[in-house]
Novice: 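Quick one: structure below, then a few questions.
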Amino acid sequence: PVLMAAAAVMEYQVIISRGIDAQKAAVLTVGSVQADTDNNVIPGTALVKVNLRWYDEADRRIMLDGIERINRSIAAAYAMPESRYPTTLRKGWSYPQRNDPQMVAKLNPVLKRMLGDDKVWTIPPQMGSEDFHHLVLDNEKKQYHYIQVGTAKPEHFAKAQKEGKL
C-alpha cells in the first residue's frame, strides 16, 4: 500500500500539469499520507488525503476523474483483485468564492462612502478553503457579498500594496 500511495501521489501531479489548461488555475494538494506506525510492518492499507481547488467546475471534474483513473490503474498494475481497489471518500468541498456582482455594485459604494474610497476595493474570486458559501447553498437566495475586514499600520499596508502582496 505504501508504494501504491507513493505512486498515486506522483501521478496526481500530472492531472494538473497535463489535464488542466495552462491558462486556468487549479490546485491538487496531497496534504497527508498515512499507513502504519512501525518501520518493520507492511501495512494492510494506506490513506491519501487530497485537497482540490478550482474555479471551473469542468476542471474539478477533470481532477476527480483523474484521481479515480490513477487509483484504478495503479491497483491494476499491482495485480490487485478488483474487490480490493482503492475507494474514495469525499469529506467535503469548497466552491470558489465569487461575490455576486449586483450585490458588490450595490454595497461597495455605500461602504466607500462610510469608510473612504481608498479603504474598500474589490477582490477577485478566490479558491481558498473558505467555507462561507456553505451558509448560502441551501438558502432560497444564493447571492452574497463576502467582505474581508483587516487592520494594519498604514505604512505596512502601503508597503504590501506596493509589493503586490494584497
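We count residues from 1, following the sequence as given.
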Novice: Which distance, rounded to the nearest 0.5 Å, do you find between the CG of D21 and the CD1 of I16?
Specialist: 11.5 Å
Novice: Membership question, hydrophobic clusters at under 4.5 Å side-chain separation (ILVMFWY): are Y78 and Y85 in the same one?
Specialist: yes
Novice: Which atoms form the tightest heavy-atom contact between P43 and V2, and what is the distance?
Specialist: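 Heavy atoms only, the tightest pair is CG-CG2, 3.8 Å.
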Novice: Report the C-alpha separation of V30 and Q13 in whole Å, then their side-chain angles, then the decisive distance to 0.1 Å, and conclude whether the side-chain contact (heavy atoms from CB on, under 4.5 Å) test is met.
Specialist: CA-CA 9 Å; V30 176; Q13 304 315 301; 4.2 Å; yes
Novice: Are V120 and L107 joined in one hydrophobic group, where the rule is that I, L, V, M, F, W and Y side chains link up if heavy atoms are under 4.5 Å apart?
Specialist: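 No, V120 and L107 fall in different hydrophobic clusters.
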Novice: Which atom names give the shortest non-hydrogen contact between I15 and G66, and what distance separates them?
Specialist: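 That closest heavy-atom pairing would be CD1-C, 3.6 Å.
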Novice: For residues K159 and E155, determine if any side-chain heavy atom of one lies less than 4.5 Å from a side-chain heavy atom of the other.
Specialist: no
Novice: Tell me, yes or no, whether the heavy-atom count around M103 atom CE, taken from other residues, nucleotides or ligands under 6.0 Å, exceeds 12.
Specialist: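 Yes.
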Novice: Hydrophobic clustering (ILVMFWY, side-chain heavy atoms < 4.5 Å, transitive) - are V9 and M80 grouped together?
Specialist: yes
Novice: Would you call W54 and I62 a side-chain contact if the rule is heavy atoms closer than 4.5 Å?
Specialist: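 W54 does not reach I62 side chain to side chain.
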Novice: If you measure from CD1 on I67 to CZ on R72, what distance do you get to the nearest 0.5 Å?
Specialist: 14.5 Å
Novice: Say you draw a straight line from CG of N108 to CD1 of I147; how long is it, rounded to the nearest 0.5 Å?
Specialist: 7.0 Å
Novice: Decide if atom CZ of R98 counts as having more than 12 heavy atoms of other residues, nucleotides or ligands within a radius under 6.0 Å.
Specialist: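 Atom CZ in R98 is packed in, count exceeds 12.
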Novice: Show the nearest heavy-atom pair for residues L47 and K49, with the distance to one decimal.
Specialist: CD2-CE, 3.5 Å
Novice: Do L64 and V14 land in one hydrophobic cluster if side-chain heavy atoms of ILVMFWY residues count as linked below 4.5 Å?
Specialist: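 No, because L64 and V14 fall into different hydrophobic clusters, even though each may have its own neighbours under 4.5 Å.
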Novice: Could you tell me whether E57 and R61 make a salt bridge, using a distance below 4.0 angstrom between a side-chain N and a carboxylate O?
Specialist: no
Novice: Under a single-linkage definition using a 4.5 Å side-chain heavy-atom cutoff for Ile, Leu, Val, Met, Phe, Trp and Tyr, are L111 and V149 assigned to the same hydrophobic cluster?
Specialist: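 Linked, L111 and V149 end up in one cluster.
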Novice: Regarding N71 and R69, is there a side-chain donor-to-acceptor distance under 3.5 Å anywhere?
Specialist: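 No pair is found: no donor N or O on one side chain lies under 3.5 Å from an acceptor on the other.
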Novice: Evaluate whether atom NZ of K112 has more than 12 neighbouring non-hydrogen atoms of other residues, nucleotides or ligands under 6.0 angstrom away.
Specialist: yes
Novice: Which distance, rounded to the nearest 0.5 Å, do you find between the OG1 of T87 and the CD of E68?
Specialist: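 One gets 9.0 Å once the value is rounded to the nearest 0.5 Å.
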Novice: Return the minimal non-hydrogen interatomic distance between M63 and V27, and the atom names on each side.
Specialist: SD-O, 3.8 Å
Novice: Would you give the length of the straight line joining atom NE2 of H156 to atom NZ of K165, rounded to the nearest 0.5 angstrom?
Specialist: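 NZ of K165 is found 12.0 Å from NE2 of H156.
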Novice: Looking only at atom types and distance, does a side-chain atom of N51 sit under 3.5 Å from a main-chain N or O of T29, one as donor and one as acceptor?
Specialist: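 No; judged by distance alone, with no hydrogens or angles, the pair does not exist.
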Novice: Considering non-hydrogen atoms only, spot the tightest contact between P125 and Y55 and give its length.
Specialist: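 Closest pair (atom of P125, atom of Y55, distance): O-OH, 3.0 Å.
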Novice: Hey, mind stepping through Y144 and D100 against side-chain contact (heavy atoms from CB on, under 4.5 Å) and telling me if it holds?
Specialist: CA-CA 6 Å; Y144 60 83; D100 179 76; over 6 Å; no
Novice: Could you pull out the closest heavy-atom pair between P109 and V104, with the gap in Å?
Specialist: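 So the two residues come closest at CD-O, 3.8 Å.
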Novice: State the NZ-CG distance between K24 and D59, to the nearest 0.5 angstrom.
Specialist: 4.5 Å
